[in-house]
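Only this structure's heavy atoms are used, side chains among them; waters, hydrogens and symmetry mates stay out.
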4 protein chains.
Amino acid sequence: MPKVIDDVEKRIQEAGIKVFSVRGYVDTDMKTIAKEAGIAVGTLYNYYPSKKELFFNILEISWEETFFQLDKIANSQKPLDKKIDLFVDILYKEINKRQGLGFELIRFNNTDPQIKTELDKINQRFEKLILVLIQEADSEEAEHKLLSEEAKLSKLVVLSLLVLNSDCEKEQKKDKEFLAAFVKRILYLD
Amino acid sequence: MPKVIDDVEKRIQEAGIKVFSVRGYVDTDMKTIAKEAGIAVGTLYNYYPSKKELFFNILEISWEETFFQLDKIANSQKPLDKKIDLFVDILYKEINKRQGLGFELIRFNNTDPQIKTELDKINQRFEKLILVLIQEADSEEAEHKLLSEEAKLSKLVVLSLLVLNSDCEKEQKKDKEFLAAFVKRILYLD
Amino acid sequence: MPKVIDDVEKRIQEAGIKVFSVRGYVDTDMKTIAKEAGIAVGTLYNYYPSKKELFFNILEISWEETFFQLDKIANSQKPLDKKIDLFVDILYKEINKRQGLGFELIRFNNTDPQIKTELDKINQRFEKLILVLIQEADSEEAEHKLLSEEAKLSKLVVLSLLVLNSDCEKEQKKDKEFLAAFVKRILYLD
Amino acid sequence: MPKVIDDVEKRIQEAGIKVFSVRGYVDTDMKTIAKEAGIAVGTLYNYYPSKKELFFNILEISWEETFFQLDKIANSQKPLDKKIDLFVDILYKEINKRQGLGFELIRFNNTDPQIKTELDKINQRFEKLILVLIQEADSEEAEHKLLSEEAKLSKLVVLSLLVLNSDCEKEQKKDKEFLAAFVKRILYLD
DNA sequence: TATGAATGAGCCTTCATTCAT
DNA sequence: AATGAATGAAGGCTCATTCAT
């Protein structure tokens, strides 16, 4: 009794993002994802060879969406100050949507060698973005020595967002203000 | 550092720190801890009702040790600048020793409501420490508005350490310099 | 050797022989056979109702080929001694080509009642062949009492070939000599 | 609710022999063995790390028992003729008890490299036994050339027993007579 | 008729937890 | 209080089979 299903891959991805986001990697099982996607477990394995591979793909897709939005802002003609505000805004919202996904990213980094590659991709995208900001900052006030190690900086920014996100929902506005100020502080813009 | 009276309890804790640190929560099983502690699995359950409870206790103990050292520095008469360097030094070393413990802290925060309490304790201790630094900074240069939300700040510092730690081993010295500069930057000390 | 009319059916059979021979029944899956045959899995089921049925058919086909060759020799005018040598030669080669097929034959015999029929067909063909040899032997030297239970004898011969085949590749020549001597011994021809 | 069970290992082995014998390796699942042994599945894994390991052990145990009996006969003072009769008798009975076990032995030989070792052990034991018979035969009538390749011979004898066993139950007496004659024939004792 | 994605029962294995000793 | 064997639910994954196109 095989059904005919439209956009299976997309449905898997959406189900994956949803479930992994809420429960994290370990507490998510394939049956749950399948049910959420409205398909059979076996079907999952027609698209991804393993739970891990599925997760990594979900992770990538998820960040892809975010980067798409961030890139648009980075390439816009808005003033740096405004860009940072928007950056924080988007990152905050996106990361908030997929809590578990972000954390697993950190967790895996500690246990699974394969994820290093996955992480590197994401980090590199991020570094580029931060670099743009930093270069814009430099042209205005050119002197950040140690802190200019962009790779580390970019990680910290993401992490900061992850952590603040895990707190209560009510203070979102405050959180964002704080983060924007934080980033500007780091970039010597205040 | 509260003296652990019972010999068995202490052995469990030490074994727990050791194993959880290396493997993280999920990849650690009770048998391994028992073996490491030189006792039987059943005995574990005479002291802790569940794996989770055991883990939370381990987590607390583990930070306890770190805070003991940090407090000493905070209360010392060293100049603020020096204090920060030592802080970063100790935190870096301690966190490095217990990778898995730190990451799980983040992971759990997302899935388990019970850990919030555990985390709060740790965070509160941290906030106090950061507060001390900030107050010292203020007395020297009194003007950090938004950033003064200590709670958030303290989290960011810990997180920063976690993340940088997960990278390669070789750059430890550089990492620490970066972090110290980072903290000072945030505290308007540069 | 019955001509296979349909192209698809033949391709399935050839693929089946190839794959089952190498991997045996359990380790072969329908997808692999389909791929090897260059058709879709579904098509397999248009020709055979189940994997087992497919296997049994493959088995039959496979022996069919062998018997075709053996019959030719049995019906030839060569001396008995020469016939036996050729028999062993062909059987050895054929069985060697389809390891997995032979073993499964034994395996199934133990678990599946349906295969009995399949086996019986093969055995009967074999008995006839052995009978021919024995009768020729008898006319020369007429006295094998107990051993003349052809049915059993024929099985033993095939089995012997199966077993010796599973050994190393290097000793093929020796093996064949041994087997020929073995058969002659049994038939009181030495 | 862990029960206290006596002789778990023995019960596992007996259950294993029973189930594997009837169903063979592939068609046997761990749950069935556990149920047959009256224990939980997990308990199985307290004694054997995997299904395969369990099977190999069962195999070994099973033959051990048989060899114990065969050795006794080989070392007795009975006449060669009588020994052979007893050999066949015991082998026939033992192999009959554990159909599937024997066949899997052949099957695995074809697919799993690890079993080669297992098989070698059994074969070597067998060769020794056959050697004893052959040497006794030789001292009486010393001339078997090609057939004296004991290794191959011993395999054929076991195989012969396996195959004849798989037939109907009614002819047991006849089968045994046939086999004894067969062995004697091979050993030039008739 | 051919296709191949969908199905889901079922397998091996793990491991936190229990409890008779 | 300590032991560690027993437990069994649960998870990842496979694959013969079906059926809408």
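Counting only distance, with no hydrogens or angles, the side chain of D:T32 and the backbone of D:T28 share no donor-acceptor pair below 3.5 Å.
The CD1-P distance, from A:I5 to F:dT21, rounds to 12 Å in whole Å. Per the geometry, NZ belonging to A:K51 stands 15 Å off P belonging to F:dT14, to the nearest Å. Going from atom NZ of A:K31 over to atom C1' of F:dT14 covers 13 Å, rounded to whole Å. Rounded to whole Å, atom P of F:dA16 lies 11 Å from atom CG of C:D27. One can place CD1 of A:I39 at 14 Å from C1' of F:dC13, the figure rounded to the nearest angstrom. If you measure from atom CD of D:E53 to atom P of E:dT14, you get 13 Å, rounded to the nearest angstrom. Between B:K35 atom NZ and F:dT3 atom P the separation is 14 Å, expressed in whole Å. Between the CD1 atom of C:I12 and the C1' atom of E:dT3 there is a distance of 13 Å, given to the nearest Å.
The phosphate of E:dT7 has OP1 or OP2 within less than 4.0 Å of a side-chain N or O from A:T43. Put simply, D:Y47 has no side-chain N or O that comes within less than 4.0 Å of OP1 or OP2 on F:dA5.
Heavy atoms of D:Y48 sit nowhere under 4.0 angstrom from any nucleic acid atom. Counting any heavy atom pair closer than 4.0 Å across all strands shown, D:T32 reaches no nucleic acid atom. Nucleic acid contact class of A:L44 (heavy atoms, under 4.0 Å, all strands): none. Using a 4.0 Å heavy-atom criterion, one finds that D:V4 contacts the sugar-phosphate atoms exclusively. Using a 4.0 Å heavy-atom cutoff across all strands shown, A:N46 reaches at least one base atom of the nucleic acid.
Each of D:G38 and C:K52 was assigned the nucleotide of DNA chain F with the nearest heavy atom; the assignment lying further toward the 5' end belongs to D:G38.
Exactly one of D:K31, D:R11, D:K18 qualifies for a side-chain hydrogen bond (donor to acceptor under 3.5 Å, both in side chains) with D:E36. That residue is D:K18.
Atoms CG and CD1, from D:L44 and D:I39 in turn, are 4.5 Å apart once rounded to the nearest 0.5 Å.
Nearest to the side chain of B:S50, among E:dT17, E:dA16, F:dT17, sits E:dT17. Listed nucleotides E:dC11, F:dT18, F:dT14 differ in distance to A:Y45; the shortest reach to its side chain belongs to F:dT14. When the nucleotides E:dT3, F:dA16, E:dA16 are ranked by their closest atom to the side chain of B:D29, E:dA16 comes out on top. Taking the side chain of B:A40 as heavy atoms from C-beta on, and the options F:dT3, F:dA6, F:dA16, the nearest nucleotide is F:dT3.
Pairing each heavy atom of C:I12 with each of C:I58, the nearest pair is O-CD1, 4.2 Å.
For B:T43 and B:N46, the side-chain atoms include no donor-acceptor pair closer than 3.5 Å. Side-chain contact annotation: A:E53 with A:Y47, donor-acceptor N/O pair under 3.5 Å absent.
With pairs defined as Watson-Crick or G-U wobble and both atom distances under 3.5 Å, the stems of at least three pairs that touch DNA chain F come out as E:2-21 with F:2-21.
In terms of the ring pair (Phe, Tyr, Trp, His ring centres under 6.0 Å) criterion, A:Y45 has no residue partners (sequence neighbours excluded).
Because its NZ or CZ atom is both nearer than 6.0 Å to the ring centre of C:Y25 and within 45° of the ring axis, C:K51 counts as a cation-pi partner of that residue.
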